[in-house]
Student: 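Quick one: the structure is below, questions incoming.
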There are 2 protein chains.
Amino acid sequence: MVATSESVGTTTVPTARMSADARRAQLIEIGWDLLQERPIHELALDEVAARAGISRTLLFHYFPTKADFYVAVVSAASDQLLRPPRVPDDAAPPERIRRLVEGFVRLVERNRGSYTTLVRAAGGGDQRVVDLIARTRDALVPRWLDAAGNPDVGPLAHLVVRGWLVGMEETVLSWDPLLVPREELIDHLVASFIAELGLANAAAR
Amino acid sequence: MVATSESVGTTTVPTARMSADARRAQLIEIGWDLLQERPIHELALDEVAARAGISRTLLFHYFPTKADFYVAVVSAASDQLLRPPRVPDDAAPPERIRRLVEGFVRLVERNRGSYTTLVRAAGGGDQRVVDLIARTRDALVPRWLDAAGNPDVGPLAHLVVRGWLVGMEETVLSWDPLLVPREELIDHLVASFIAELGLANAAAR
DNA sequence: ACGTTTGTTGACAGATGCTCAACAAGGCAG
DNA sequence: CTGCCTTGTTGAGCATCTGTCAACAAACGT
């Protein structure tokens, strides 16, 4: 059976010869779409191949192993989603923190599904994915410290900010706008971060 | 080949007829041991059966599906590990909070491996496991609020405490005792919780 | 001693990750 | 235009693992 143009699932795919880069990109996008519906261990590569209109063999040609494919997909999504927030201008520290908080809340509001998919991936999947998320979080810490007008401040502050970021993530992800007004949430997060950092610095004497 | 007494791996297993309960308990314990070495999708039920000295079929007799087995294992571990901390006595709120924090730090110190296994399970695995961990966390919130002398206080406080708990978990798990003294960590966590709760209550007017 | 319950197993079916050797489409030299 | 050569692409097959089925055998009651 000669491969013809076929519309499978969401994506309409002319099954013709494609450049390697285009194929990779297409497969990664399909993978990302499917990963938002179900976790990786419930996703058969058969289905990815079918949606792309290619054979499973070709998928293995681009990604030697299922784990490799998984890492590539999560990595691409992470690049796009956790793109470092541009620390805005040179306003006063409280305002800069507020901007960061607002940025994150907006991010979650717009991509709640994608974001939860990503953090879910952080837990269960490949070790490389765990490391990826861990590195991303580590990279975030100095950015927030900087926005607070606090260049490096010792190990406790690092530790504490890291924990606070994870806590904020959890808070925003389980936030129900019907129960807590958006503004109230943001106000609290800003005040919380400043208080937390104040405590950490006081403890460091 | 008649099943005889055989010592496989860690557990010495007389492969004889066992009571259903004993078998279940044995299999769950073996599963937990193995889960601490590698994530669920890298664990073949063959190996569990082999360690128990039984056939894979028998395992399926007790747990209809691999996911069921997984849930049973994680659930048992969770019961044992996340056993609700006994809120000690009727000391003043700050002291009670301190006790809770110390309890958690001690828990992580003694079972770091097990605990990370558990939270890793919270992310990647079965939906039932995710729900289990979520419920456990939810159940923790009122306990901490209570210890702080704050009976219910509205949605924001709940949300904030939930996020704070997750943040604390992250903080303690990535804590390096060589960089931050134990006492300093605990002092900060106690002060942080109190400050956080104060902010949330102030916001609720 | 016989039968019923139930712990236990080997053999098989279906799905899925992964390999291998070969085909075919496009570009480039002669 | 012809023929080669790179490379995107595939079908068939292998190994592993989950889950099923029918039957065996050890305890226990009658």
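Each chain gets a letter, A, B and so on, in the order its sequence line appears, and its residues count up from 1. Because the structure is predicted, anything quoted here is derived from the model rather than measured.
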Student: Specify the separation, in whole Å, of atom CD of Glu42(A) and atom P of dG17(C).
Tutor: 13 Å
Student: Which atom pairs, donor and acceptor, lie under 3.5 Å between side-chain atoms of residues 100-111 of chain A and protein residues at least two apart or in another chain?
Tutor:
residue: Glu109(A); atom: OE1; partner: Arg182(A); partner atom: NH1; Å: 2.6
residue: Glu109(A); atom: OE2; partner: Arg182(A); partner atom: NH1; Å: 2.8
residue: Asn111(A); atom: ND2; partner: Leu107(A); partner atom: O; Å: 3.0

Student: Can you tell me how far P of dC17(D) sits from CZ of Phe69(B), to the nearest Å?
Tutor: 15 Å
Student: How many Å lie between CG on Leu59(B) and P on dT20(D), as a whole number?
Tutor: 13 Å
Student: Could you state the atom-to-atom distance from CG of Leu58(B) to P of dA25(D) in whole Å?
Tutor: 16 Å
Student: For Asp68(A) and Arg128(A): C-alpha separation, side-chain torsions, deciding distance, then whether salt bridge (Lys or Arg N to Asp or Glu O under 4.0 Å) applies.
Tutor: CA-CA 9 Å; Asp68(A) 286 323; Arg128(A) 284 170 288 178; 2.9 Å; yes
Student: Rounded to whole Å, please give me the gap between CD in Glu47(B) and P in dT18(D).
Tutor: 11 Å
Student: How long is the line joining CG of Asp46(B) and C1' of dT18(D), in whole Å?
Tutor: 9 Å
Student: Does Glu42(B) have more than 12 heavy atoms from other residues, nucleotides or ligands lying within 6.0 Å of its CD?
Tutor: yes
Student: Of the nucleotides dG17(C), dT9(D), dT9(C), which has the atom closest to the Tyr62(A) side chain?
Tutor: dT9(D)
Student: Under the side-chain hydrogen bond (donor to acceptor under 3.5 Å, both in side chains) definition, can you give me all pairs with a residue in residues 161-173 of chain B, not counting sequence neighbours?
Tutor: Arg162(A)-Glu170(B), Glu170(A)-Arg162(B), Tyr115(B)-Glu169(B), Arg137(B)-Glu169(B), Asp138(B)-Arg162(B), Trp164(B)-Ser192(B)
Student: Figure out the CG/P separation between Leu43(B) and dT16(D), and round it to whole Å.
Tutor: 16 Å
Student: Whether the side chain of Arg112(A) engages the backbone of Leu173(A) through a donor-acceptor N/O pair (distance < 3.5 Å, no angle test) should be reported.
Tutor: yes
Student: Mind calculating the distance between CG (Asp21(A)) and C1' (dT7(D)) to the nearest angstrom?
Tutor: 14 Å
Student: Can you build the contact string for nucleotides 18-24 of chain C? Use B for base contact, S for sugar-phosphate-only contact, and - for no protein heavy atom under 4.0 Å.
Tutor: BBB----
Student: Gln80(A) versus Trp32(A): any side-chain heavy-atom pair under 4.5 Å?
Tutor: no
